[in-house]
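Order of listing sets the numbers, starting from 1, for every ligand and every atom in it. Note: hydrogens, waters and symmetry copies are ignored here, and every other heavy atom, side chains too, is used. The residues of the chain are indexed from 1 along the displayed sequence.
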Amino acid sequence: MTTTTGRRLASTLEWDARLAAVAGKHAPRIGKAFGYRTVGDLLQHYPRRWVDKGSLSDLGEVEPDEHVTVVGRVRDSTLHSYADRRRGGVAYRLEVDVAIEGARLSLTFFDKKQHLAEWRRRQIVPGRFGYFSGKVGTFRGRLQLTNPQYQMFGEPGGSATDAEDEAVTAWDRLPPLLPIYPAAAGLESTQLGKAIRLALDLVHEVPETLPEDVRRRHGFVSARHALEGIHRPGSRAEKDAAERRLRFDEAFVTQTVLVQRRAALRALDASPRLGRDGGLLDRFDERLPFELTAGQREVGRAVLDDLAAGHPMHRLLQGEVGSGKTVVALRAMLRVVDSGGQAALLAPTEVLAQQHHRSVTAMLGDLARGGMLDGDADGTQVALLTGSLGAAARRRALLDAASGTAGIVIGTHALLEDRVRFADLGLVVVDEQHRFGVEQRAALAAKSGDRPPHVLVMTATPIPRTVAMTVFGDLETSMLSELPAGRAPIQSTVVPVAESPSWLGRAYERIREEVGRGHQVYVVCTRVGADDDGPEAPQPPGDAASEPAGPATASVEEVAPMLAEGPLQGLRVATLHGRMPADRKDEVMRAFAAGEVDVLVATTVIEVGVDVPNATMMLVYDAERFGVSQLHQLRGRVGRGGLPGLCLLVTQAPAGSPGRRRVEAVAATTDGFALSRVDLEQRREGDVLGATQSGRRSSLRLLHVLEHEDVVVEAREVATRLVEDDPDLERHPALAEQVRRLHDAERADYLDKG
Ligand code: ADP
Ligand code: MG
């Protein structure tokens, strides 16, 4: 530890003092970039990596692809602008020539914004010393680092000898392990480091979230030691001990929140929904055209038991793509309607809400035409409520929900709006949604009087146990692992166009053959139009922002006419994407479901849940641009009707590239569990938790729920014991404070998404 007692005596700052107290003029920028407001927030900005000061590389021995950290003097730097073909507009490239003990190294920095590029050029000026850290590549025969981490010494504009002296002194003063902080636009890792070290010196008291006995049992260092050890470790061992402790903290706070929530739910009353003999559920079961699978029966029983209990159900139903979750949900909804209540089905997209409305209405037949001449005397009605409904239709749906005429209301997030009222909302089913937070729950509970509704959450992307524990830790979980009998397997094939362009022609022939047999085909593109990234463009994981523009990708608006006038001439081709008006989307999906369209060229609007059993083939362009789970979901749209499915994953990604490997992983297995692991490993934990893409603070930094399963499990146990003992955390104020902050962060996130 480098902090001396003397310095600590002078400390004056509280943990929740304002950021400006240590970050000065950088405070607003730090606040904007990371959402930090206090000194405590800043101290929880942990380094991304630590570089061994002692292991600086000697460039003479460096091989391409090796990771190096070097100290050198900037000889020259030039800022270039260039046309960014992929994104359009102008981008900036700063080329820097660095002298390192006789050797030379090029650095290249890419920036999208002019002011950032210029800010960087002002930092990295000739004469200045710095250290640079990154993976070595070669360019025009010279060693090069692209977007390296760096830290500059001294002030820009000083004399060369001064700069060198200063660099030497600065270097000597550097600790043995240099922390590299996640930086942000216009903020160097060093500036963050400086503020953080000042905060460590000045902060009075670091709140201790872990009870003393837990700390002792696990051999964890104190909260204060942990912060010292993570920000300025004296050794690797010290850093590791700090990391272990802080990682446990993250798991512990998250689990405490979840355990508390679960306890709170158990303490609530809900109306038991017991159903009745000979009601809608019984009549529906009688006329089901297929046998329920063993899994559907078992999960169905568990759900009906939950509904009959006096506490709100909170169950997560995981099921492989095509395992038949909708039927399970519909049966639960009918049970609630049989008990005089209403059920709401919340879908993530309009296309899916519309499809559910169509298929539920069709499956129920006259049971869904209650009160109508040709309807069943005991029947109910199924209403559809989405954001883009016309005024009259919306008024009608709102009325039917409020009066109770509609026993089942299907919709998008529009269902959560204030003005939506129910006569007696008994059950909410959330389909294909990774996240349905407390806020959404509260919004719905408010619609059902003082008694919260039962909640069933369904997800088609199976997730590993510890992820479920972290993301859905307050839910009971059930699993549908078997597919209905007679499902033919989906064959997936990678079509690498870069290596064999002729394969694409063969792929188009296969489409014709498939249509010739009376089947239908999806063609999936990443973009809507030629000129946009499209709001539906997927974000490929791990793509460096500065990656040079790749080859053009296919768009719906270009591909559809190209196919219709070329290789698929004579076939009925239609398009579907998120920018079409809702009624048009509905019309197209109806036509496709009715077999009036042979080939549907679409964006990922068809990704989840779309169910057209006669569709047997899918061709995905630019498959490397999709995430693993996304491809698995997409592929799940075919092979649903007992006919074998074929999925062609067209990719321009070269063999061995991360994108290509992703596509190959999807082609190699249809096991959703295996794939979700691959997927989660590639994504940031923040995304796993549904948190911010915008880089706003996520509550998990050191904890990787896949890698640290044991930590999650242990934290869960400790949290459970603690909450049993002290439900309101009255005797654990520091923990209570962290818990409150996590709640707040979640709320902010919810409000952001609106
Ligand atoms: P997912 O779990 O992916 O949401 P769905 O609920 O959409 O799957 O079901 C997929 C298809 O399987 C639907 O067409 C549905 O009618 C059908 N299905 C559901 N259960 C069975 C079953 N037990 N036997 C045969 N087909 C079934
Ligand atoms: Mg579904």
Side-chain angles (χ1 to χ4, degrees), residues 281 284-301 303 315-334 345-365 408 410-412 429-434 436 456-463 477-490 519-520 522 589 592-595 604-616 618 629-645 647 670-673 675-676:
L281 177 55
F284 175 76
D285 281 349
E286 275 163 25
R287 57 168 86 171
L288 253 186
F290 45 70
E291 285 267 308
L292 292 177
T293 64
Q296 284 172 322
R297 277 200 301 274
E298 189 188 315
V299 174
R301 244 190 323 271
V303 169
R315 189 170 283 279
L316 169 68
L317 173 53
Q318 294 201 61
E320 189 54 88
V321 179
S323 59
K325 294 181 290 291
T326 317
V327 173
V328 174
L330 181 54
R331 293 184 69 243
M333 295 194 274
L334 292 175
L345 172 56
L346 189 62
T349 65
E350 281 210 24
V351 167
L352 199 50
Q354 286 161 348
Q355 173 190 285
H356 275 314
H357 184 249
R358 266 195 312 274
S359 66
V360 166
T361 312
M363 273 196 273
L364 291 177
I408 296 176
I410 297 174
T412 52
V429 177
V430 185
D431 190 23
E432 311 282 7
Q433 181 98 342
H434 247 316
F436 180 70
L456 180 65
V457 179
M458 307 197 284
T459 166
T461 310
I463 50 180
T477 58
S478 318
M479 181 74 206
L480 277 185
S481 40
E482 86 198 282
L483 297 184
R487 270 303 151 72
I490 304 171
H519 301 152
Q520 291 161 280
Y522 296 103
M589 267 323 286
F592 189 67
T604 53
V605 287
I606 58 150
E607 179 187 355
V608 287
V610 167
D611 185 33
V612 177
N614 192 47
T616 51
M618 170 176 287
S629 289
Q630 231 178 350
L631 286 176
H632 183 54
Q633 276 289 335
L634 280 169
R635 170 172 65 179
R637 301 311 108 215
V638 299
R640 297 174 80 82
L643 301 164
C647 178
T670 50
D671 177 348
F673 262 106
L675 288 174
S676 76

Practice item. Could you establish whether Ser323 and ligand 1 come within less than 4.0 Å of each other, counting only heavy atoms on the residue side? Key: yes
Practice item. Within a distance under 4.0 Å of any heavy atom of Thr326, pick out the atoms of ligand 1 and give their elements. Key: 4 (O), 5 (P), 6 (O), 7 (O)
Point to revise | Test item: Leu364 and Ile408 side chains (from C-beta on) under 4.5 Å apart, heavy atoms | key: yes
Review point. Do the non-hydrogen side-chain atoms of Thr349 and Val605 ever get within less than 4.5 Å of each other?
Key: no
**Study point:** Numbered atoms of ligand 1 (with element) below 4.0 Å of Leu292, judged on heavy atoms
**Key:** 23 (N)
Point to revise | Gly324, any N or O under 3.5 Å of ligand 1 N or O | key: yes
Review point. What's the spacing between Asp431 CG and Ile410 CD1 if we round to 0.5 Å?
Key: 10.0 Å
Practice item. For the residue pair Met589 and Gln354, establish whether any side-chain heavy-atom pair is separated by less than 4.5 Å. Key: no
Revision key, fill the gap. For His519 and Asn614, the nearest pair of non-hydrogen atoms, with its separation, is CD2-OD1, 3.5 Å
Revision key, fill the gap. A student checking ligand 1 against Glu291 at a 4.0 Å heavy-atom cut-off should list atoms 22 (C), 23 (N), 24 (N)
Review point. Numbering the atoms of ligand 1 from 1, which are under 4.0 Å from a heavy atom of Thr293?
Key: 23 (N)
